[in-house]
Amino acid sequence: MGDRTPPLRSGSSKREDYIGWNDYFMATAFLAAKRSKDPVTQVGACIVNDDKRIVGIGYNGMPTGCNDDIFPWKKDNNNILENKHLYVCHAEMNAILNKNTSDVKNCTIYVALFPCNECAKFIIQSGIKEIIYMSDKHAHKVTTIASKKMLDAAGVRYWQYIPKSEKLVIDFTKINWNDMSQLPTSPMKNLELSDNE
Ligand SMILES: Nc1ccn([C@H]2C[C@H](O)[C@@H](COP(=O)(O)O)O2)c(=O)n1
């Protein structure tokens with residue numbers, strides 16, 4: 001029987017160069033960061049549940065009602081109230097507050113930058129159990145050390161992610177709008193067309 005099975009047609013096998021879950025969710029966090037108005041650091045966060053469903057997305061921005069053309073994006077040492085850090089909502093906090101499920105218990109948060117101590121409190125209290133981050137550039141800062149101290153005590157795992165894809169590009173000019181493919185017409189498409197002819 002086995003040798004009667006027809007060989008798999010090349011056109012019927014699945015694509016192999018699709019992106020993995022971790023790249024997908026981390027890239028989603030980075031896409032969200034592109035919405036940030038912060039001129040120095042743009043951070044995005046993406047919360048995912050056990051079923052690999054995205055349940056929250058956020059980026060760093062001014063609170064609702066605080067006009068981001070009026071509130072400061074700088075740190076003016078001569079005027080202590082002109083400091084963005086007094087006002088900006090961090091990406092992690094926004095992602096948690098933007099959740100589209102009743103809670104984010106046991107979820108994983110993908111975030112561009114390691115969460116500060118304030119975000120660690122939100123993460124712990126919301127029940128998130130895992131943090132996957134890209135950069136830990138503030139590892140030496142007291143806010144990060146305090147963050148890790150709390151996360152360790154609360155049993156929240158965290159690990160640094162190195163993407164598998166070197167780059168992920170969405171070039172709208174390359175999308176073929178006629179067949180909604182992001183790729184040039186594929187060999188499979190050609191095969192289907194010739195099959196139907
Ligand atoms: N885990 C983090 C860390 C920082 N942010 C935000 C807060 C600010 O908008 C910006 C950091 O500004 P910088 O001190 O680099 O000028 O990033 C966040 O959302 N999440």
Side-chain angles (χ1 to χ4, degrees), residues 21-49 54-101 103-163 165 168:
W21 287 118
N22 285 328
D23 276 16
Y24 174 55
F25 296 130
M26 190 58 88
T28 302
F30 273 81
L31 183 63
K34 288 193 173 288
R35 286 276 315 146
S36 174
K37 317 287 191 326
D38 192 317
V40 178
T41 307
Q42 303 82 39
V43 185
C46 174
I47 304 174
V48 178
N49 71 13
I54 294 174
V55 294
I57 291 192
Y59 56 87
N60 52 330
M62 290 299 167
T64 307
C66 302
N67 189 327
D68 54 27
D69 287 321
I70 294 171
F71 278 75
W73 285 110
K74 55 186 187 302
K75 296 172 256 187
D76 182 345
N77 294 332
N78 299 319
N79 182 348
I80 51 168
L81 278 179
E82 287 296 299
N83 181 337
K84 68 175 177 181
H85 290 299
L86 293 173
Y87 311 106
V88 175
C89 299
H90 285 198
E92 300 90 321
M93 187 184 96
N94 276 336
I96 293 168
L97 294 174
N98 287 345
K99 68 182 185 304
N100 55 23
T101 45
D103 64 56
V104 289
K105 286 193 174 56
N106 297 316
C107 286
T108 295
I109 187 165
Y110 290 77
V111 63
L113 193 55
F114 197 91
C116 70
N117 58 317
E118 292 301 327
C119 289
K121 295 177 201 175
F122 271 96
I123 289 168
I124 293 166
Q125 294 302 83
S126 68
I128 288 174
K129 279 286 169 267
E130 186 179 34
I131 300 166
I132 302 181
Y133 63 94
M134 287 262 302
S135 166
D136 197 10
K137 67 173 182 170
H138 297 312
H140 58 285
K141 288 192 178 172
V142 69
T143 50
T144 308
I145 296 166
S147 172
K148 288 178 182 169
K149 199 171 166 180
M150 288 187 281
L151 295 169
D152 289 341
V156 178
R157 296 180 301 279
Y158 50 86
W159 55 281
Q160 189 167 34
Y161 184 63
I162 297 163
S165 321
L168 293 168

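Numbering of ligands and ligand atoms starts at 1, following listing order. Residue indices begin at 1 and follow the sequence shown.
- The shortest non-hydrogen separation linking Cys89 to Met62 is SG-C, 4.5 Å.
- At a heavy-atom distance under 4.0 Å, only side-chain atoms of Glu92, from C-beta outward, approach ligand 1.
- In terms of heavy-atom proximity, Ala29 sits nearest to Tyr110 at CB-O, 3.8 Å.
- Of the possible donor and acceptor atoms, one in the side chain of Thr28 sits under 3.5 Å from a partner among the backbone N and O of Tyr24.
- The shortest N or O to N or O distance between Lys84 and ligand 1 is under 3.5 Å.
- Side-chain atoms of Asn117 never come within 3.5 Å of backbone atoms of Ala146 as a donor-acceptor pair (strictly under, hydrogens ignored).
- Between Val43 and Ala33, the shortest heavy-atom distance links the atoms C-CB, 3.6 Å.
- The shortest N or O to N or O distance between Asn60 and ligand 1 is below 3.5 Å.
- Considering both main-chain and side-chain atoms, Lys137 never comes within under 3.5 Å of ligand 1 through any nitrogen or oxygen pair.
- Taking a cut-off of under 4.0 Å to the non-hydrogen atoms of Val40, the atoms of ligand 1 that pass are 16 (O).
- Atom numbering of ligand 1 starts at 1 in the shown order; those under 4.0 Å from a heavy atom of Lys75 are 14 (O), 16 (O).
- In terms of heavy atoms, Lys129 sits closest to Ala154 at NZ-O, 4.5 Å.
- With hydrogens and angles ignored, the 3.5 Å screen pairs no side-chain donor or acceptor of Thr108 with any backbone N or O of Glu130.
- The shell of residues lying under 4.0 angstrom from ligand 1, judged by heavy atoms, includes His85.
- For Leu113, heavy-atom contacts with ligand 1 shorter than 4.0 Å involve the backbone as well as the side chain.
- For ligand 1, one of its N or O atoms has an N or O atom of Ala91 under 3.5 Å away.
- Note on ligand 1: Pro115 sits in its first shell, one or more heavy atoms being nearer than 4.0 Å.
- At the top of the distance list for atom 15 (O) of ligand 1, counting protein heavy atoms only, stands Thr41 OG1, 2.5 Å.
- At least one N/O-N/O distance between Phe114 and ligand 1 falls below 3.5 Å.
- Looking only at distances, a side-chain donor or acceptor of Asn98 sits under 3.5 Å from a matching main-chain atom of Ile57.
- Of the candidates Lys37, His90, Met62, it is His90 that places a heavy atom closest to atom 7 (C) of ligand 1.
- Shown in contact with Asp38 at under 4.0 Å from a heavy atom are these atoms of ligand 1, numbered in order with element: 8 (C), 9 (O), 10 (C), 12 (O).
- For the pair Tyr87 (side chain) and Asp68 (backbone), a donor-acceptor distance under 3.5 Å is absent.
- The closest donor-acceptor contact from the side chain of Gln160 to the backbone of Met134 lies under 3.5 Å.
- Using a non-hydrogen distance threshold of 4.0 Å, Met93 does not register as a contact of ligand 1.
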